[in-house]
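See structure below.
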Amino acid sequence: MKRRSFVKLAGLGLALAGSRAQAQPSSRPVRVIVPLPAGSSNDHAARVVSPALSRVLGQPFIVDNKAGGNGIPATQEVIRAAPDGLTLYFPSNSPVAVNVALVRNLPYDPRRDLTPIAGVNRTNHCLIVRSDFPANNFVEFVAYAKQRPGQVSMGYSTTTAQMIIAAMNRQAGIDLLAVSYRGTPPTITDVLGGTLNATMVDPGNAMAQVRGGRMKALAVTSGERNPLVPDWPAVSETIPGFDFTVWNAILGPPGMAKELVDRISAAVRQVLGEREVVDGLAAGGTFPHYLTPDELKATIESDIVKWTQAARDANVEPE
């Protein structure tokens with residue numbers, strides 16, 4: 001029997017074994033690979049959802065951060081893993097959609113090389129600045145940037161944020177200096193220290209700083225305000241149609257058995273209805289947004305089209 005066929009059957013056996021009474025859970029841990037560092041919104045969501053899945057599925061879940069390289073190394077590691085359900089991927093839309101538009105010669109095709117399992121949550125990015133920054137809202141920020149083309153620095157750590165900054169430059173008629181970082185926390189540190197003027201981050205990292213009075217949130221990037229921070233205006237209120245939503249999902253290696261995918265997906269749907277999980281996600285600035293495997297597949301495909309067009313509109317060439 002070929003190795004992949006054997007592994008696929010082994011994974012199915014694991015899934016069926018796991019459906020028995022939880023008095024007999026498997027001791028084999030499930031590794032959840034996150035392509036961003038600890039402290040990111042992506043990591044926060046994974047650490048909220050993983051313990052709940054561990055309880056429902058009766059197996060240990062271990063979050064494994066594999067940051068760097070625009071999520072490419074982490075994605076490749078998942079693709080090479082056995083399709084037995086013991087390696088899962090918990091990315092944002094950056095490595096599985098935006099990278100297709102922004103990375104030249106991408107060494108994988110997310111539509112072919114990953115197995116969609118479940119959508120988990122949605123959120124947006126936030127434009128935040130230090131509390132003493134001259135602008136107090138997005139309109140004032142645009143005016144400030146127009147007077148200083150190429151001088152207002154904006155930190156980012158994902159290709160999603162990179163693309164949002166490029167779209168903002170084009171649609172607002174400004175020229176922000178985009179500065180790449182390995183993770184979100186260092187961009188906040190550098191804004192507070194004065195090395196950066198602003199950063200584009202997830203609400204989870206922004207909320208604590210804003211509520212603590214150290215930073216100001218000037219705008220969110222979704223098409224409407226984030227219900228978790230309703231007093232933060234959306235960029236779309238100034239630039240109609242500006243809508244860049246961020247999501248997290250669970251995917252697996254290619255070739256996973258349908259029964260195994262459906263079992264994990266059903267568990268995700270179950271835990272997203274639990275108050276503890278909802279509150280945990282909210283603490284990170286995100287909210288549940290379950291998608292079936294087919295819905296997640298369609299979302300990835302439509303996002304690839306959307307971000308590719310956005311890159312073209314902003315004259316952003318793949319690197």
Side-chain angles (χ1 to χ4, degrees), residues 36 39-45 92-94 121-146 148 152-158 160-169 171-172 174 176-181 183-248 279-287 289:
L36 287 171
S40 64
S41 175
N42 197 165
D43 173 74
H44 176 86
S92 69
N93 47 343
S94 281
N121 59 302
R122 293 182 63 187
T123 186
N124 48 254
H125 274 67
C126 307
L127 167 56
I128 59 173
V129 296
R130 204 165 71 174
S131 58
D132 60 355
F133 190 81
N136 292 307
N137 53 56
F138 184 67
V139 173
E140 292 180 2
F141 178 82
V142 169
Y144 182 88
K146 282 185 176 181
R148 299 163 180 82
V152 180
S153 56
M154 175 87 75
Y156 71 91
S157 61
T158 67
T160 300
Q162 177 189 3
M163 189 63 251
I164 292 172
I165 295 169
M168 189 176 291
N169 276 338
Q171 296 185 42
I174 55 180
L176 300 172
L177 176 62
V179 183
S180 176
Y181 279 73
T184 296
T187 72
I188 293 176
T189 298
D190 281 0
V191 171
L192 292 172
T195 304
L196 287 173
N197 296 117
T199 183
M200 188 71 68
V201 301
D202 56 86
N205 277 283
M207 288 191 301
Q209 299 295 335
V210 173
R211 289 170 179 169
R214 303 178 73 193
M215 304 187 84
K216 297 183 290 190
L218 303 186
V220 299
T221 64
S222 48
E224 55 190 19
R225 297 192 181 199
N226 186 324
L228 299 174
V229 282
D231 54 328
W232 297 5
V235 174
S236 61
E237 295 171 27
T238 302
I239 306 175
F242 196 95
D243 183 7
F244 292 94
T245 300
V246 182
W247 47 261
N248 296 131
D279 290 346
L281 291 175
T286 73
F287 42 91
H289 185 69

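Residue indices begin at 1 and follow the sequence shown.
When side chains are defined from C-beta on, Tyr181 counts as touching Leu196, because their heavy atoms get closer than 4.5 Å. Between Pro203 and Leu228, every side-chain heavy-atom pair lies at or beyond the 4.5 Å cut-off. When side chains are defined from C-beta on, Asp43 does not count as touching Leu36, because their heavy atoms never get closer than 4.5 Å. The shortest distance between side-chain heavy atoms of Phe138 and Ile239 falls below 4.5 Å. Within the 4.5 Å cutoff, no side-chain heavy atoms of Gln171 are placed close to those of Val235. At a threshold of 4.5 Å between non-hydrogen side-chain atoms, the residues Cys126 and Met200 do not count as touching.
Closest heavy-atom contact between Tyr156 and Gln162: CE1-CB, 3.5 Å. Residue Leu192 comes nearest to Arg130 through the heavy atom pair O-NH1, 2.9 Å, listed as atom of the first residue, atom of the second, then distance. Contact record, Ile128 with Val201: CD1-CG2, 3.6 Å, taken as the closest heavy-atom pair. Heavy atoms only, all atoms of each residue included: Pro134 and Glu140 are closest at O-OE1, 4.0 Å. In this structure, Ala198 and Val129 approach most closely via the heavy-atom pair CB-CG1, 3.6 Å. Smallest separation of non-hydrogen atoms from Ala145 and Leu176: CB-CD2, 4.0 Å.
Taking OG1 of Thr199 as the start and NE2 of His125 as the end, the distance is 8.5 Å to the nearest 0.5 Å. The line from CH2 of Trp247 to CG of Asn42 is 10.5 Å long, rounded to the nearest 0.5 Å. Between atom CG of residue Asp243 and atom CD of residue Glu224 there is a gap of 8.0 Å, rounded to the nearest 0.5 Å. Atoms CG and NZ, on Asn137 and Lys216 in that order, are 9.0 Å from each other to the nearest 0.5 Å. In this structure, the separation between CG on Asp190 and OG1 on Thr195 is 4.5 Å, given to the nearest 0.5 Å. Atom CZ of Arg122 and atom CG of Asn93 lie 10.0 Å apart (nearest 0.5 Å).
Using modelled atom types, one finds no donor on one side chain facing an acceptor on the other under 3.5 Å when comparing Asn197 with Tyr144. Under 3.5 Å, the side chains of Thr160 and Ser94 contain a donor-acceptor pair of N or O atoms. Using modelled atom types and a 3.5 Å distance limit, the side chains of Thr184 and Ser157 yield a donor-acceptor pair.
Judged by distance alone, the side chain of His44 and the main-chain N or O of Gly280 form a donor-acceptor pair under 3.5 Å. Using a distance-only test at 3.5 Å, with no hydrogens or angles considered, no donor-acceptor pair links the side chain of Arg214 to the main chain of Gln209. With hydrogens and angles disregarded, no donor-acceptor distance shorter than 3.5 Å links the side chain of Asn124 to the backbone of Ser222. At least one donor-acceptor pair closer than 3.5 Å links the side chain of Asn205 to the backbone N or O of Gly39.
Aromatic ring pairs are classed by plane angle as parallel below 30°, tilted from 30° to 60° and perpendicular above 60°; the pair Phe244 and Phe242 is perpendicular.
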CA sep, side-chain torsions, deciding dist, call: Ile188, Met215, side-chain contact (heavy atoms from CB on, under 4.5 Å): CA-CA 9 Å; Ile188 293 176; Met215 304 187 84; 3.8 Å; yes
